[in-house]
Protein chains: 2
Amino acid sequence: MITRDKVGRVTTAPTHERLRSQIEFTLEIDKLKRILRRNTLVDGSRRENDAEHSWHLGMMALVLGEHAPPGTDLDKVIAMLLIHDLVEIDAGDTFIYDTAAVADQAERERAAADRIFGLLPEDQTARLRALWDEFEERRTPEARFARALDRLNPLLANFHTEGGTWARHQINSAQVLRNVALIAEGSETLGAYATELVEQAVAKGILAP
Amino acid sequence: MITRDKVGRVTTAPTHERLRSQIEFTLEIDKLKRILRRNTLVDGSRRENDAEHSWHLGMMALVLGEHAPPGTDLDKVIAMLLIHDLVEIDAGDTFIYDTAAVADQAERERAAADRIFGLLPEDQTARLRALWDEFEERRTPEARFARALDRLNPLLANFHTEGGTWARHQINSAQVLRNVALIAEGSETLGAYATELVEQAVAKGILAP
Ligand SMILES: [Ca+2]
């Protein structure tokens, strides 16, 4: 809503409260740029952060969308991917092969979602929280395809950095194939492609059998 | 399209050529994470890169969308923002107050768009290129709103880092207000808000009058 002040100038007064919350949220989420993941950039130069990772997944949804099941709402997938890691501002990045951290991950991430999405006006808190819950529950085609891209991305990065986190953390192909199963749940084509990548990685000696 | 090999396993063979191009593009755009902008993160700890910046703008479109003109296609705005800086992989980041660099910026960026979007299958090259052209031409509400967010973002960052790039590059309020005009073109509310921020920045002494 727009109003004008005494001299006829547009002011933000009536929307002030909503806009203030939205800007506060915008500034707060800048912190996602400082949450580091285990994997590096494709050139190996440094670790990747969650914000640039989320951008990369959004881009993957844009160009790989045809491999989602017919009828998948790709705009929703993109929105999901942009927000999916925000909880890590408080809860940190949990390495998927770290069993102890994975155990209380859900609880830590829910508390983070309460706080971070709670910065927004109520209707937007509800909307983004629902989107994040949908991603986490993995029951819709959108959530499953989003998750598939989230798992395909580090596989690509590891494959193209001579094994990357696989080598460093002594991960074997059986462990990677459990993630490939999640990719196949979201996209049959990308699941098949990921399986081929794992086979090639083992053949090249950059992933333990 | 899905087929199965001799032992009945799903293979990516028929989609191989498209998928190969899409994955090549996905890997190539990783380079956007290494293109540094002039401004820093909100905490001042380091310079921001284009990939995390693009993510941040996508998030701003998600939460500030109600300030776009009615009928604006926000999903299109988000897609535009995700791709808008890809050309900087080749053309580099052009500082908006650097007149010499701005002069041949358009030409360098068009060549970059040819190469980078050209990595994709033809139909996708055309689709993403059209989206980027639309953003650059700034004639649709979507392009104007996307541009408004792109200009609001550093203004917010500078305001919350005691002047940031303004102080370092001796920018004054008249120069900033030219950018604010672009914000107002995309969103009356955000334009008014940005004007208030500039006035406050001058009053606080973090921006030269
Ligand atoms: Ca994650």
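Residue numbering restarts at 1 for every chain, and letters A, B, ... go by the order of the sequence lines. Given the structure is predicted, the values throughout are model-derived calculations rather than measurements.
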Checking [X] against chain A: side chain, backbone, both or neither under 4.5 Å from a heavy atom?
X	answer
B/L32	side chain
B/I83	both
B/N153	neither

Which pair of non-hydrogen atoms, one from B/R127 and one from A/L62, has the smallest distance, and what is that distance?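 Here B/R127 and A/L62 meet closest at NH2-O, 3.1 Å.
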Nearest heavy-atom pair of B/V63 and A/Q124: which atoms, and what distance?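 Smallest interatomic distance, heavy atoms only, reads O-NE2, 3.0 Å.
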What option among B/L120, B/V42, B/D50 has the most heavy-atom pairs under 4.5 Å with chain A?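 Ranked by contacts with chain A, first place is B/V42.
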Based on non-hydrogen pairs under 4.5 Å, which of B/L156, B/I78, B/L27 is most in contact with chain A?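 Looking at each option in turn, the highest pair count goes to B/L27.
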Examine whether an atom of A/L74 lies under 4.5 Å from a heavy atom of chain B, and if so say whether it belongs to the side chain, the backbone or both; otherwise answer neither.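 For A/L74, no heavy atom lies under 4.5 Å from chain B.
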Relative to chain B, which segment of A/S45 carries a heavy atom at a distance below 4.5 Å: side chain, backbone, both, or neither?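 Side chain of A/S45 only, per the 4.5 Å heavy-atom cut-off to chain B.
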Would you say A/E137 has more than 12 foreign heavy atoms packed within less than 6.0 Å of its CD?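 Counting other residues, nucleotides and ligands, CD of A/E137 exceeds 12 neighbours.
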Show the numbers, then the answer: is there a side chain to side chain contact (heavy atoms under 4.5 Å, CB included) between B/W55 and A/I29? CA-CA 10 Å; B/W55 165 80; A/I29 65 173; 3.8 Å; yes
Output the distance between atom [atom1] ([X]) and atom [atom2] ([Y]), rounded to the nearest 0.5 Å.
X	Y	atom1	atom2	answer
B/L190	A/Q22	CG	CD	8.5 Å
B/R46	A/N49	CZ	CG	5.5 Å
B/R18	A/E66	CZ	CD	4.0 Å
A/T26	B/H56	OG1	NE2	5.5 Å
A/M60	B/L82	CE	CG	13.5 Å

Could you go through the side chain to side chain contact (heavy atoms under 4.5 Å, CB included) check for B/H160 and A/D30 one step at a time? CA-CA 12 Å; B/H160 290 277; A/D30 200 78; over 6 Å; no
Out of the candidates B/E52, B/H53, B/E48, only one should pair with A/K33 under the side-chain hydrogen bond (donor to acceptor under 3.5 Å, both in side chains) rule; please name it.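 The side-chain hydrogen bond (donor to acceptor under 3.5 Å, both in side chains) with A/K33 is passed solely by B/E48 among B/E52, B/H53, B/E48.
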